[in-house]
Each structure stands twice: as C-alpha cells, then as structure tokens.
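The block underneath contains the structure these notes are about, expressed in structure tokens.
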Amino acid sequence: MSTDQRVLVVDSSGETHEVLQAALARSGVRTYGARRTRRGLALAEEIRPDLIVLDLEVDEAEAEATCFPFAEQSRRNATPLVVLGSVRRVEGGSPLGEFVPKPYDYGPLVRKIEELLARNDECRRRAA
Amino acid sequence: MASLFVIRGSDQGSRFEFTDRARIGRDSTNDIQLHDTEVSRQHAEIQPAGDQFVLVDADSSNGTYVNGRRIDRCSLASGDQVQIGRTLLLYTGPAEESEDDLAGAIDIAAQPAAQPSRIVHSMSQEDGSRAFDLDADLPQHSWLARARSNLQVMYRTALAVSHTLDIDQLLQRIMDLIFEWVEADRGCIMLIDAESGRLEPKARRTRGRKPGARHTDEERIRISKTILDYVLQHNEGVLTSDAQQDNRWDAAASILQAGVREAICVPMQGRYDVVGVIYIDTSTSPQEVIRKGGAHQFKEDHLKLMIAIAHQAALAVEDTRYYSAMVQAERLAAIGQTVAILSHHIKNILQGIRGGSYLIEMGLSNGDADVIQRGWKIVERNQNKISALVLDMLTFSKERQPERVPSELNQVVGEVIELMQSRAEELGVRLSWRPAPRMETFVFDPEMIHRAVLNVVTNAIDAAGELLAESDEQPAPTSDRAPPTVDVAAEWDEAAETLRVTVRDNGPGIPPDTMKNLFSPFVSSKGSRGTGLGLPVSQKILTEHGGQIRVESSPRGSMFTLEWPAVAPEVGPATHTE
C-alpha cells in the first residue's frame with residue numbers, strides 16, 4: 001500500500017475523524033475532516049480522496065438525504081464509500097460503499113478501511 | 001373529597017384535590033399552584049361551606065371566572081368551569097356516594113317472585129326522538145307546557161354530557177338530573193362491561209338518603225333479569241308495574257321482587273351498540289294508591305324522555321371511551337418515539353466512548369501518551385454527555401421538585417460560564433459574561449436554574465459555532481461577519497421584581513418552522529448533538545419557578561430571555577399582594 005493515500009471523514013461531532021486520524025496515521029494515511037455534508041462534498045471534489053467515511057449521526061429521514069449526494073459523487077469519481085450509521089438500507093447506496101451499523105468497534109472498521117485502500121491501490125497499479 | 005382538574009393551561013392534566021380551605025395562585029406557597037404568568041401570586045381561595053365549597057377571588061389582577069362570569073364569591077357545583085388566568089379548571093364536588101358498595105347495592109334477580117311485575121308499556125329506542133310530538137289527547141296549552149319542560153330536561157342533559165372527562169362522574173350527573181325531574185325513589189345506571197359482556201352497576205341513587213350512609217336492605221335495588229334481557233334484546237324501553245293489567249308476561253321465569261310498584265328501564269343506545277341501561281323505580285304505599293285513585297306515577301311520557309336521555313348519555317359514554325382509547329394509543333406511540341430517540345442518542349454516546357477507548361488502547365500498546373490523552377478527552381466528553389442526558393431526563397420526569405433556597409444569581413450563572421468556556425473555545429466561539437451590577441440573595445433552586453441556563457448557553461454556543469462549522473474549522477473570520485460570539489447577562493429588575501438572564505448569540509438564527517416546536521420534547525434541530533430535551537427542560541424549570549423563557553430570533557442571531565419572579569428570602573409570612 002502506497003503511503004500517500006488520503007481519507008476524507010465526514011462527521012458532525014468530529015470525534016470519528018479524531019479517532020480515525022490517530023489510527024490511520026500509523027499506516028501513513030492522511031485524513032481530512034468535514035463537519036457538514038456541504039463542506040464534505042466540496043472537499044471531496046477538491047482533494048479527490050482515495051476513500052470517504054461518512055458518519056450518519058442524523059436520524060433516518062435525514063440520513064438518506066445526506067447519503068444520496070455522496071453515493072452519487074463516489075460513483076462518479078470511483079471513490080469507495082464507507083457509511084457508518086443506524087440505517088440498514090440506504091436508498092441509492094453505492095455499490096462501492098460499505099455499510100457499517102452502529103454501534104461498531106473501531107478495530108474492524110480500521111481494518112476494513114485499510115483493506116479497501118489496499119484493494120484500490122492494487123486496481124490502480126494494475127491499470128497503470 | 002372535591003377536586004379541580006386542569007383542562008387547559010400549562011398544568012393541563014393535573015388534578016388538585018382538597019377537603020378543606022385551599023389557596024390558589026402562582027406562588028409555591030399556595031395549596032394549588034398554577035404555573036401561569038396570568039395568575040396572581042395569591043389569586044383565589046376555596047372555602048368550605050357545609051357540604052359544598054365556595055370560590056372566593058383574592059383581589060386578583062385578572063379576576064376569577066366561573067362558567068364565563070367574573071365572580072368575587074361563588075358557590076361551586078359539580079361541572080362548573082373555573083377560569084383563572086389562562087388556566088381552565090373543571091370542578092367536581094365531594095362524591096355523594098362511594099363507588100365500592102355499588103355492586104352490593106344492586107341485584108339482578110333471576111328467580112321468580114310471588115308478585116310478578118308486568119310490562120305496561122314498551123317503546124322502541126327510535127320513539128325517544130318523538131318526545132316533543134304533538135299529543136292529540138292533550139289541550140294545546142298543556143302540551144306546550146309539557147314540551148317546554150321536556151325541552152328543558154333535554155337541554156340540561158345535553159349540557160351535562162357536553163364536558164365529559166370521567167364516565168362515572170357523567171353518569172352520576174345524569175342520575176341527579178333524572179331525580180330532579182321525575183318522582184323516582186331509586187335509580188341506577190349499568191354499563192355493559194366490554195370484556196365480560198355483563199352489566200356492571202356504575203351509578204345509583206336513592207331519594208332522601210344521606211351521602212355516605214350505608215344502604216339498608218330495603219334500599220337494595222333488585223332488577224328483574226327478564227326485564228333487563230327484554231330491554232337489551234329488543235332495544236326497547238319498558239315501563240313495568242306489579243299491578244295486574246297485562247297477561248303477556250305470565251310465562252316469564254324471573255321477575256322483579258320486593259315492593260316495587262313501577263319501574264322504567266331503558267337501553268342506552270349509542271351510535272353502534274347498546275352500552276348499558278338506565279333503571280328507575282318508585283313504590284307507592286297502598287294508602288297512597290287509594291288516595292291517588294290508582295294513578296300511575298310513571299307515564300308513557302316519562303318513558304319517552306328517559307329513552308332520549310339514555311341516548312344522549314350513551315353517546316357521551318361512547319365518545320369518552322373512544323377518546324381515552326385514542327389518548328392511550330397516542331401515549332403508546334409517544335413512548336415508542338421517545339425510546340427510539342433516546343436509544344439513538346445513547347448509541348452515539350456509546351460510539352464516542354468506544355472511539356476514545358480504542359485510542360487509549362492503541363496509545364497504551366504503543367506507549368504513546370499523546371494518543372492516550374486524546375482518547376481520554378473523547379471518553380470524558382461523552383461521559384459528560386451521558387450525565388447531562390440523565391440529569392435532563394430526571395428533571396423532565398417530575399422526579400425532582402425545585403428546592404428553593406437563598407441563592408445568588410450572579411454566582412450561579414458565573415459557574416455556567418466557567419463550565420462552558422472550554423467548550424466555547426473548542427468551537428472558536430467567544431463567550432462573554434456580564435454579571436448584574438446590583439444583586440441580592442433571592443429564593444430559587446440554584447441547581448435547576450444552573451441547568452436551565454446551561455442548556456440555553458450550550459445551544460447558543462452551538463448556534464454561534466455553526467458559522468465556523470459551515471466553513472469547517474478555519475477560524476479566520478470573514479470580514480462581513482463578526483466572530484462567533486455568545487453574550488450572557490444577568491439582571492435584577494427591581495421595578496418588576498424579576499430576575500432575568502439573557503443569552504444572545506450571533507448564529508444563523510432559528511428557522512420559523514423550528515420555532516414552532518422549540519419547546520417540544522425530543523424535537524431536536526441539532527441532529528445527534530441534541531437530545532431534544534434541553535429547551536423543554538429549561539422551560540419546565542422556569543415554569544416551576546413561575547417564570548418563562550422568551551425567544552427572539554432573526555437570521556443574524558437569537559436571544560433567549562429567562563425570567564422569573566424575584567422572591568426575597570422570607571423573614572415572616574409572605575405579605576405579597578398584587
């Protein structure tokens with residue numbers, strides 16, 4: 001896995017970003033945080049991350065509205081999307097996306113992110 | 001025991017019971033405390049007068065009203081509506097009869113008796129609507145007089161059933177009404193139990209009987225099962241007499257016993273079903289029969305009107321039942337929603353604790369003190385969240401009553417500011433605090449006021465912080481907008497005898513549709529950060545202190561004003577008058 005990978009974490013409390021930042025820094029992954037959906041989408045276009053973690057701290061009705069633009073964008077940019085939330089089925093969920101129901105453990109989540117990044121990396125190298 | 005039940009106002013649903021003198025007002029020193037700013041501190045008083053109670057206005061600013069009429073002094077009757085400020089209360093007088101001995105006082109007799117009663121008249125339920133039909137046998141003026149009296153009875157029945165809250169109370173009122181109008185000796189109302197399908201006595205009355213006295217054997221009402229079955233099966237009202245006039249009932253297996261001469265039994269026909277029966281009877285001694293020349297006490301006319309009254313009562317019983325079923329369903333739905341919101345919130349807190357723990361574990365295994373530090377901070381923050389949630393829930397759940405002690409407002413608010421300073425800094429919000437220049441010691445619950453102010457200040461900081469969250473952690477203030485600020489000020493308004501705390505933020509303001517539900521519990525506009533309990537809790541605390549929260553909001557910010565009466569520590573008894 002190359003060490004210049006970038007992960008964007010969108011969560012309103014900033015806590016998920018804080019934890020993932022410390023955890024992913026060990027494998028040399030840089031993280032970016034956004035506290036609002038709008039800001040997150042803009043940042044995703046700007047920095048073109050290798051993976052997006054979307055924490056749905058909102059309730060069910062808002063969750064779909066939040067998730068949809070991210071699903072669209074990640075499909076367009078072929079960016080894997082990891083959705084953390086309490087909603088099982090998200091309308092318009094991206095096939096590139098992974099859904100992790102709350103409450104989750106960080107160990108498996110971090111492993112999953114690293115796995116996705118590695119797979120992504122390999123795809124890219126093969127394509128090159 | 002008499003009671004006042006709040007049907008409208010901030011204390012809606014509360015029932016105040018009293019057996020003696022009771023003072024009504026906004027102050028906590030009252031026996032009946034109403035959390036209504038339109039209510040004077042000492043507003044009115046209930047005074048016993050024989051078996052009844054009298055309501056006396058205590059020179060209140062906004063007056064005391066009974067059934068829409070302003071009063072200085074008024075004797076209360078069951079069903080009276082008392083308006084005090086914005087609060088509407090329903091008065092129920094001391095019960096005339098305890099409910100527990102009802103079942104023992106009414107028998108349904110299935111065994112045949114020596115002197116069988118007969119049905120003299122029967123009348124279909126629909127005939128009740130002909131209570132005002134022109135009677136060809138009667139001269140015009142006499143018919144008119146009777147029709148008017150019938151109309152009067154029906155009007156009063158309609159009035160009696162119009163504000164129903166309690167079925168037992170309603171039936172007792174109907175019974176009283178019937179007794180005023182007809183010379184019955186005993187009466188009872190029985191309702192069909194929804195589960196067993198059996199008739200259960202609900203209200204009874206005996207003429208000339210002292211309230212609270214035990215029933216003598218003679219007063220026991222025995223109702224023939226044959227007649228009850230006939231009434232229920234045919235849905236017809238009947239007039240019975242034990243005088244030998246009719247042969248239709250010779251074959252009857254069970255009959256009315258005791259010295260009953262005449263009785264009326266009518267079905268209570270509701271919209272869909274018969275919900276019960278009303279029964280009245282009267283006995284005439286042989287001497288009286290001779291004196292009256294055998295004239296019947298009960299006439300066909302009585303039967304007609306009884307059917308009409310029973311129909312009205314049945315409609316009210318049905319309405320009350322549907323209403324309580326609906327309230328029950330709504331309550332269950334609300335519980336479901338509450339549990340869902342709480343578990344969602346607790347889940348987010350748990351997630352935060354897991355994140356912090358994960359960092360601590362990682363730091364411990366790597367020997368990285370910095371990571372441990374960061375993890376611990378997250379755990380601590382979530383601990384605070386859960387303790388705030390528990391405190392809010394406790395405050396909201398009425399488990400805690402205000403404990404008023406002499407307190408200093410500047411100090412109480414100062415502590416809130418100190419507590420919130422780090423949170424404000426974290427979000428890049430400037431938190432300023434202006435204590436009241438003049439302040440004395442007043443009586444209020446310092447912990448609760450602390451909580452109320454804390455919740456409002458937390459919201460204000462979050463709202464101001466929203467400006468930065470939108471632009472994402474780049475605290476470089478844009479030139480067109482002031483840096484996010486929250487201003488808190490305390491004030492003692494001597495002229496208005498009011499304590500005031502204002503919290504002003506320059507956040508994005510409150511959208512008009514959020515404004516509507518601002519104080520509804522569990523409606524949070526802050527997503528997972530809010531429990532939806534903060535503002536309702538603050539409002540509840542202020543209301544309990546006889547105060548209120550006012551909100552002004554524009555797209556350039558919001559201002560919350562918490563104010564409540566400044567009550568000086570008491571030296572002697574309270575001498576407040578308004």
Side-chain angles (χ1 to χ4, degrees), chain A residues 8-27 31-44 46-47 53-63 65-67 83-88 100-113, chain B residues 337 340-363 365-366 368-382 385 423 426-428 462 465-474 508 522-532:
Chain A
L8 170 64
V9 183
V10 185
D11 71 314
S12 63
S13 72
E15 269 171 14
T16 313
H17 176 222
E18 213 176 325
V19 177
L20 287 181
Q21 188 180 36
L24 292 172
R26 287 181 307 180
S27 41
T31 52
Y32 296 81
R35 288 198 170 192
R36 294 292 178 276
T37 316
R38 198 147 39 107
R39 174 73 188 150
L41 285 167
L43 209 57
E46 195 185 312
I47 62 168
V53 177
L54 176 61
D55 189 345
L56 296 176
E57 281 191 14
V58 288
D59 63 40
E60 217 155 314
E62 291 167 67
T66 310
C67 202
V83 179
L84 314 175
S86 40
V87 207
R88 272 256 153 238
V100 181
K102 283 183 186 179
Y104 51 82
D105 282 314
Y106 273 92
L109 173 67
V110 170
R111 275 198 295 281
K112 183 169 271 172
I113 291 172
Chain B
Q337 196 194 357
I341 291 169
L342 279 180
S343 60
H344 176 81
H345 193 70
I346 292 168
K347 202 156 60 183
N348 276 323
I349 294 176
L350 174 66
Q351 199 57 65
I353 291 175
R354 280 196 184 173
S357 313
Y358 178 74
L359 284 192
I360 292 172
E361 219 176 286
M362 201 173 93
S365 62
N366 298 352
D368 188 340
D370 181 51
V371 172
I372 296 175
Q373 187 78 38
R374 285 167 74 181
W376 175 242
K377 248 183 148 171
I378 296 178
V379 170
E380 212 176 21
R381 200 185 304 142
N382 282 285
K385 270 193 204 171
R423 167 109 183 111
E426 224 172 84
L427 291 174
D462 284 346
E466 197 71 11
L467 295 174
L468 291 181
E470 281 289 335
S471 55
D472 240 324
E473 293 117 47
Q474 288 153 20
F522 298 116
V523 180
S524 173
S525 54
K526 296 201 293 182
S528 69
R529 288 168 306 139
T531 50

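Letters go in sequence order (proteins before strands), and every chain restarts at 1.
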- Task: Compare all side-chain heavy atoms of B:Q351 with those of A:L84 and state whether any distance is below 4.5 angstrom.
- Result: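 Side-chain contact under 4.5 Å: no.
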- Could you tell me which residues in residues 371-379 of chain B have at least one non-hydrogen atom under 4.5 Å from a non-hydrogen atom of chain A, sorted by residue number?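 Residues B:R374, B:I378 are the ones that qualify, each having a heavy atom under 4.5 Å from chain A.
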- Message: Closer than 3.5 angstrom, by distance alone: can the side chain of B:R354 be matched with the main-chain N or O of A:Y106 as a donor-acceptor pair?
- Response: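 Flag not set: sc B:R354 to bb A:Y106 has no pair under 3.5 Å.
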- Query: So, B:N382 versus A:E15: side-chain donor-acceptor pair below 3.5 Å or not?
  - Reply: yes
Closest contact, heavy atoms only, [X] versus [Y]:
X: B:L359; Y: A:A22; result: CD2-CB, 3.5 Å
X: B:Y358; Y: A:A23; result: CE2-CB, 3.7 Å
X: A:R26; Y: B:N366; result: CD-ND2, 3.9 Å

- Query: To the nearest 0.5 Å, how far apart are CG in A:D11 and CG in B:N348?
  - Reply: 10.0 Å
